[in-house]
Structures are given as C-alpha cells and as structure tokens.
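When a ligand or atom number is given, it counts from 1 through the structure's own listing order. The analysis underlying the following values was restricted to heavy atoms, covering all of them including side chains, and did not include hydrogens, waters or symmetry mates.
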Amino acid sequence: MRKVITFGTFDVLHIGHIRILQRAKALGDHLTVGISTDALNYAKKQKDAVYSETDRMEIVRSIVGVDDVFLEHSLELKGHYIQQYGADILVMGDDWAGRFDHFKSLCQVVYLPRTDGISTTSTLENIRLRA
Ligand code: CTP
C-alpha cells in the first residue's frame with residue numbers, strides 16, 4: 001500500500017483544497033492530511049483561521065478520499081510526521097516548490113500545481129465585498 005501525506009490549513013474549504021486532496025490521493029492508496037493548528041496557522045499567515053482547528057479537522061476528515069487526519073503543531077516536525085504516519089509520498093502545493101526537497105531521503109516529494117484563481121484569502125475578500 002502506498003501512503004500519501006499532505007499538509008495545510010484548509011480553512012473555509014474551496015475547490016482548490018478539494019482538487020489537491022483528490023490529486024494527492026490519486027498518487028497512492030491511503031491519504032493522511034496534517035491540519036495546521038490554530039497557532040501554527042497564525043505563525044505562518046499572521047491571521048486567525050475562521051474555523052477552529054477541531055472544526056477544520058472534522059471537515060477535512062469527512063471528504064471522500066481522506067483516510068486520516070491529525071493536527072500539525074509545527075513545521076519543524078514534518079519529518080517526524082512523515083515517519084510516524086509511514087508516508088511513501090509527501091504532496092505539497094507548488095507554492096512550496098523546492099522547500100521540502102530535504103525530505104527526499106525519507107519519501108518521494110511531489111509538488112502539485114495550485115488551482116488558479118482561488119484561495120481562502122480571495123474567498124473571504126469576495127464575501128467582504130458582497131456584504
Ligand atoms: N491549494 C491549491 N490550490 C489553491 C489553494 C490551495 O492547490 N487555489 C492547496 C495548497 O497548495 C495547499 C493546500 O491547498 O497544499 C492547503 O492550502 P491552504 O493554505 O489551506 O489554502 P489557501 O487557499 O492557499 O489559504 P490562504 O489564502 O489562507 O493562504
């Protein structure tokens with residue numbers, strides 16, 4: 001069985017999230033998703049997620065094709081998570097291209113292109129403009 005792992009905040013779910021999860025799953029047989037904790041998300045993006053880490057985890061767990069979810073507490077622990085969850089493939093969006101190549105000693109590292117024209121940030125901005 002080929003196990004895939006990917007990571008992200010997955011706040012205010014949108015089609016880009018669904019597509020990367022589907023494409024990640026298509027690379028193997030089992031998909032584990034590390035969901036950024038509220039604190040890690042703030043450290044990465046300098047803004048609070050709309051949905052709590054527990055809600056984001058529950059939402060992503062309910063997506064067809066996602067087999068397992070856990071909370072990612074620190075970017076520094078990625079190597080540990082890869083080993084803990086027995087991942088054969090690490091999938092990241094190409095906004096991170098090259099930044100995880102040092103994990104090639106642990107597993108295959110694949111960067112998938114992001115879906116054009118959508119992000120959580122742009123969705124929230126869109127909602128604000130309509131309010
Ligand atoms: N992603 C994607 N296509 C998009 C947006 C996100 O493939 N249009 C991927 C990212 O590359 C990442 C995962 O979805 O692998 C989770 O990204 P996340 O940071 O949660 O979503 P964003 O929409 O980029 O969030 P934000 O606008 O807050 O940065």
Any atoms of ligand 1 less than 4.0 Å from a non-hydrogen atom of [X]? List them with their elements.
X: Lys45; result: 18 (P), 19 (O), 25 (O), 26 (P), 28 (O), 29 (O)
X: Ile20; result: 7 (O), 9 (C), 14 (O), 15 (O)
X: Lys47; result: 28 (O)
X: Arg114; result: 1 (N), 2 (C), 3 (N), 4 (C), 5 (C), 6 (C), 7 (O), 10 (C), 11 (O), 24 (O)
X: Asp95; result: 11 (O)
X: Gly93; result: 11 (O), 15 (O)
X: Ser119; result: 23 (O), 27 (O)
X: Phe10; result: 13 (C), 16 (C), 20 (O)

[atom] [closest protein heavy-atom partner, distance rounded to 0.1 Å]:
atom: atom 3 (N) of ligand 1; result: Thr115 N, 3.0 Å
atom: atom 12 (C) of ligand 1; result: Phe7 O, 4.3 Å
atom: atom 21 (O) of ligand 1; result: His17 NE2, 2.9 Å

Heavy-atom pairs closer than 4.0 Å: do any link ligand 1 to the side chain of [X], the backbone, both, or neither?
X: Ile118; answer: both
X: Arg19; answer: neither
X: Asp116; answer: neither

[X] versus [Y]: any side-chain heavy-atom pair under 4.5 Å?
X: His17; Y: Thr120; result: yes
X: Gln83; Y: Phe103; result: no
X: Asp11; Y: Asn41; result: no

Practice task
Kindly state each residue pair satisfying side-chain hydrogen bond (donor to acceptor under 3.5 Å, both in side chains) with at least one member in residues 59-70, sequence neighbours excluded.
Solution key: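 As it turns out, the side-chain hydrogen bond (donor to acceptor under 3.5 Å, both in side chains) pairs with a partner in residues 59-70, which skip direct neighbours, are Lys25-Asp67.
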Could you tell me whether [X] and ligand 1 have an N or O pair separated by under 3.5 Å?
X: Pro113; result: no
X: Asp11; result: no
X: Thr9; result: yes
X: Ser122; result: no

Output yes when a side-chain donor or acceptor of [X] lies under 3.5 Å from a complementary backbone atom of [Y], and no otherwise.
X: Arg23; Y: Val91; answer: no
X: Asp38; Y: Ser52; answer: no
X: Tyr111; Y: Phe100; answer: yes

All N/O donor-acceptor pairs, side-chain side in residues 30-37, below 3.5 Å, sequence neighbours left out:
{"unit_1": "Ser36", "atom_1": "OG", "unit_2": "Lys44", "atom_2": "NZ", "d": "3.0"}
{"unit_1": "Thr37", "atom_1": "OG1", "unit_2": "Leu40", "atom_2": "N", "d": "3.0"}

Nearest non-hydrogen partners of [X] and [Y], listed with the distance:
X: Arg56; Y: Tyr51; answer: NE-O, 2.9 Å
X: Gly16; Y: Ile118; answer: N-CG2, 4.1 Å
X: Cys107; Y: Ile82; answer: SG-CG2, 3.8 Å
X: Ile20; Y: Phe10; answer: CG2-CE2, 4.4 Å

Practice task
Answer with yes or no whether His14 contacts ligand 1, where contact means a heavy atom under 4.0 Å from a ligand atom.
Solution key: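 Heavy atoms of His14 do come under 4.0 Å of ligand 1.
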Problem - Option of least heavy-atom distance to atom 27 (O) of ligand 1 (set: Thr121, Thr123, Val50) - result: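 When every heavy atom of Thr121, Thr123, Val50 is considered, Thr121 comes closest to atom 27 (O) of ligand 1.
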